[in-house]
Visitor: 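Before I ask anything, let me first share the structure, which is written out below as C-alpha cells.
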Amino acid sequence: MNKWGKLSLGMLLAVGLITGCGSNNNADTAATDSNNSTNSGAAGATTLILGTSADFPPYEFHKMIDGKDTIVGFDIDIAKEIAADMGATLEIKDLPFDSLLNELSSGRVDMVISGLSPTPERAEAVGLSDIYYKAEQAVVVREADKDKYATMESLVGAKIGVQTGSIQEEIAKDIEGAQLTSLGKISEIVLQLNSNRVDASIMEGPVAESFVKNVDGLVITDAKPPVEDDGYVIGVKKDNTELLDKVNATLDRLESEGKIDEFVAAASELAESE
Ligand code: ARG
C-alpha cells in the first residue's frame, strides 16, 4: 500500500503539488498579494511583473507559508533579486506555461522566469538572458515499469505525458509512434501516470526528483532524453535590451556570490517539506 494509499487529486492538493485547481488565473491574485507584501516600494516606484508557471518544484511552486498560498522556488528567488537590484516592486503572475512568451510579447508581463530552456524559435520571438542554471532531463514512470523504460528506444510507441508548449513535448514528438498527452500542468501529468493513462513522462531532472519524492509509486528511469541546450534562461520582450542587461547583471552577481546553488538547495528542501 502506498504511503497515501491511492493517489487522488485531493491528495496532491494536500501535499501542495497543485493549488488553484481549475484555472491558473485563480491562483494569480492570491499569489500576487502574498508575494508583494515584502517589497512595497514607495509610490511611483516601478513594478516588475514576472510571468511564471508555478507548477514546477523546485523552480516555482505553490506553498502554504504562514497559512498563505505563496509562490516560491529558486526562479522566484532570482526574480526577487532582479527586482531588488532595480529598486522595483516584484509582482508575480501565475500563468499557463504555453502562454508565457505571448504575455511577454504583448507586454502583459515584463520577464519570464519559468525553467525556460533556450531554443532557436524562442530566441527569435523574445530576448533571452545568459544561462543561469543547468539540469538534465528525466523520464518518470510507475515503479513496476522502471526496467521496461530504461532507454529512450524503449519509449517507442509508448503513451507519453508532457507539458504543453515545452521542449519535452518536442522531445516526445521525435519518439517513433509515441502517443502524446499534452497537459497544462505537470501535476496533471503525474495524475495521468498514477492512473495508468500514460506510461511515461519527460520532465526536467530536478522536477522529476521533486515529484517522485512526494508521490509514491513513481520512479525515474535510466533513460536520458536528448537535449540540445540543457540550460535555463530568462525571457524579456524582444529588443528590451535595457531590461536584459539588468537581468544579466544580476545573474552575474548571483553567480559570483554562489547564490544560485544556495537558492536551488533551499528550494529543493522547501519542495520536499510538508
Ligand atoms: N524547460 C522546459 C521548457 O522550457 C519546461 C519548462 C516548464 N516550466 C514550468 N514552469 N512549467 O520547455
Side-chain angles (χ1 to χ4, degrees), residues 12 16-21 23-25 27-28 31 35 50-63 71-79 92-104 109 111-140 160-174 180-192 201-211 214 224-236 263-264 267-268 270-271:
L12 265 186
L17 294 179
I18 323 178
T19 50
C21 52
S23 94
N24 256 317
N25 297 333
D28 201 323
N35 282 284
L50 167 71
T52 192
S53 170
D55 65 333
F56 214 57
Y59 298 68
E60 44 267 333
F61 55 105
H62 286 260
K63 184 96 192 165
I71 296 177
V72 294
F74 67 83
D75 279 350
I76 307 302
D77 293 331
I78 293 171
I92 302 175
K93 283 196 180 176
D94 184 10
L95 299 162
F97 181 74
D98 70 334
S99 75
L100 289 174
L101 297 191
N102 276 332
E103 294 294 298
L104 204 51
V109 304
M111 65 175 180
V112 166
I113 313 185
S114 199
L116 186 70
S117 307
T119 66
E121 299 75 42
R122 289 172 181 174
E124 194 58 47
V126 299
L128 299 179
S129 75
D130 299 336
I131 285 174
Y132 62 89
Y133 189 65
K134 287 189 170 209
E136 291 187 332
Q137 302 297 313
V139 172
V140 178
I160 303 179
V162 285
Q163 185 161 42
T164 314
S166 68
I167 60 157
Q168 288 80 12
E169 190 176 41
E170 299 308 314
I171 295 172
K173 275 182 192 158
D174 284 341
L180 264 61
T181 299
S182 297
L183 294 166
K185 288 186 178 188
I186 301 283
S187 50
E188 293 165 356
I189 301 166
V190 169
L191 286 175
Q192 295 275 318
S201 174
I202 302 171
M203 57 183 88
E204 253 75 25
V207 178
E209 268 163 39
S210 177
F211 275 98
N214 278 298
K224 289 274 165 276
V227 271
E228 261 156 50
D229 207 338
D230 57 354
Y232 305 103
V233 295
I234 294 173
V236 301
F263 290 160
V264 173
S268 304
L270 193 60

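For ligands, and for the atoms within them, numbers begin at 1 and follow the listed sequence.
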Visitor: For S117, counting its heavy atoms only, list the atoms of ligand 1 lying under 4.0 Å from any of them.
Guide: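 Answer, ordered by atom number: 1 (N), 2 (C), 3 (C), 4 (O).
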Visitor: Kindly state each residue pair satisfying salt bridge (Lys or Arg N to Asp or Glu O under 4.0 Å) with at least one member in residues 125-138, sequence neighbours excluded.
Guide: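 Found K134-D230.
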Visitor: Taking the non-hydrogen atoms of Q168, is any one of them nearer than 4.0 angstrom to ligand 1?
Guide: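 True for this residue.
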Visitor: Verify whether the ring centers belonging to Y59 and F74 lie closer than 6.0 Å.
Guide: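 Y59 vs F74: aromatic centres under 6.0 Å.
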Visitor: Which residue and non-hydrogen atom of the protein lie closest to atom 8 (N) of ligand 1, and at what distance in Å?
Guide: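 Of every protein heavy atom, S114 O, 2.8 Å lies nearest to atom 8 (N) of ligand 1.
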Visitor: Need the ligand 1 atom indices (1-based, order shown) with element for anything under 4.0 Å from a heavy-atom of E204.
Guide: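 Taking each heavy atom of E204 in turn, ligand 1 has 1 (N), 2 (C), 5 (C) under 4.0 Å.
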Visitor: Any nitrogen or oxygen of Y232, side chain or backbone, less than 3.5 Å from one on ligand 1?
Guide: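 Looking only at distances, the answer is no, because the N/O contact criterion of under 3.5 Å is not met.
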Visitor: Which pair of non-hydrogen atoms, one from G205 and one from A138, has the smallest distance, and what is that distance?
Guide: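 Result for this residue pair: CA-CB, 3.9 Å.
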Visitor: For atom 6 (C) of ligand 1, what is the closest protein heavy atom, and at what distance to 0.1 Å?
Guide: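 That would be G115 O, 3.3 Å.
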Visitor: I'd like to check which ligand 1 atoms, numbered from 1 as shown, lie under 4.0 Å from a non-hydrogen atom of L116.
Guide: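 Numbered from 1, ligand 1 contributes 4 (O).
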Visitor: Give the atoms of ligand 1, by number and element, whose distance to some non-hydrogen atom of E60 is under 4.0 Å.
Guide: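 Listed by number with element, the hits are 10 (N).
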Visitor: For Q168 and Q137, does a side-chain donor sit closer than 3.5 Å to a side-chain acceptor?
Guide: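 Side-chain D/A pair, Q168 to Q137: present.
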Visitor: Mind checking whether V140 and F211 have side chains closer than 4.5 Å, heavy atoms only?
Guide: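 They are not in side-chain contact.
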Visitor: Quick one: nearest non-hydrogen protein atom to atom 3 (C) of ligand 1, plus distance?
Guide: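 Heavy-atom neighbour on the protein nearest atom 3 (C) of ligand 1: R122 NH1, 3.5 Å.
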Visitor: How far apart are the closest heavy atoms of I189 and S201, and which atoms are they?
Guide: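 In this case the closest contact between I189 and S201 is CG2-OG, 3.3 Å.
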Visitor: Which word best sums up how the rings of Y232 and Y133 line up, parallel for under 30°, tilted for 30 to 60°, or perpendicular for over 60°?
Guide: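 Parallel, since the angle between the ring planes stays under 30°.
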Visitor: Do me a favour and list the nearest non-hydrogen protein atom to atom 7 (C) of ligand 1 with residue, atom name and distance?
Guide: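 Ranked first by proximity to atom 7 (C) of ligand 1 is Q163 OE1, 3.2 Å.
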Visitor: Below 4.0 Å from any atom of ligand 1, is there a heavy atom belonging to I186?
Guide: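 Contact absent.
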Visitor: Does some non-hydrogen atom of F97 fall short of 4.0 Å from ligand 1?
Guide: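 Yes, that is the case, since the closest heavy atom of the residue is under 4.0 Å from the ligand.
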Visitor: Is there side-chain contact between D75 and F56, with at least one heavy-atom pair below 4.5 Å?
Guide: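 Contact flag for D75/F56 side chains = no.
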Visitor: K185: heavy atom below 4.0 Å from ligand 1, yes or no?
Guide: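 For ligand 1, residue contact (heavy atoms, under 4.0 Å) with K185 is absent.
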Visitor: Tell me, which protein residue and heavy-atom name are nearest atom 12 (O) of ligand 1, and how many Å apart are they?
Guide: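 Result for atom 12 (O) of ligand 1: I167 N, 2.8 Å.
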Visitor: Please examine the side chains of R122 and S117, heavy atoms only from C-beta on, and report whether any two atoms are closer than 4.5 Å.
Guide: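 Yes; the side chains approach each other to less than 4.5 Å.
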Visitor: Looking at L183, D98, D55, I202, which one forms a side-chain contact (heavy atoms from CB on, under 4.5 Å) with Q163?
Guide: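 Exactly one candidate clears the test, D55.
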Visitor: List ligand 1 atoms under 4.0 Å from D55, heavy atoms only on the residue side.
Guide: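 With D55 as reference, the close atoms of ligand 1 come out as 9 (C), 10 (N), 11 (N).
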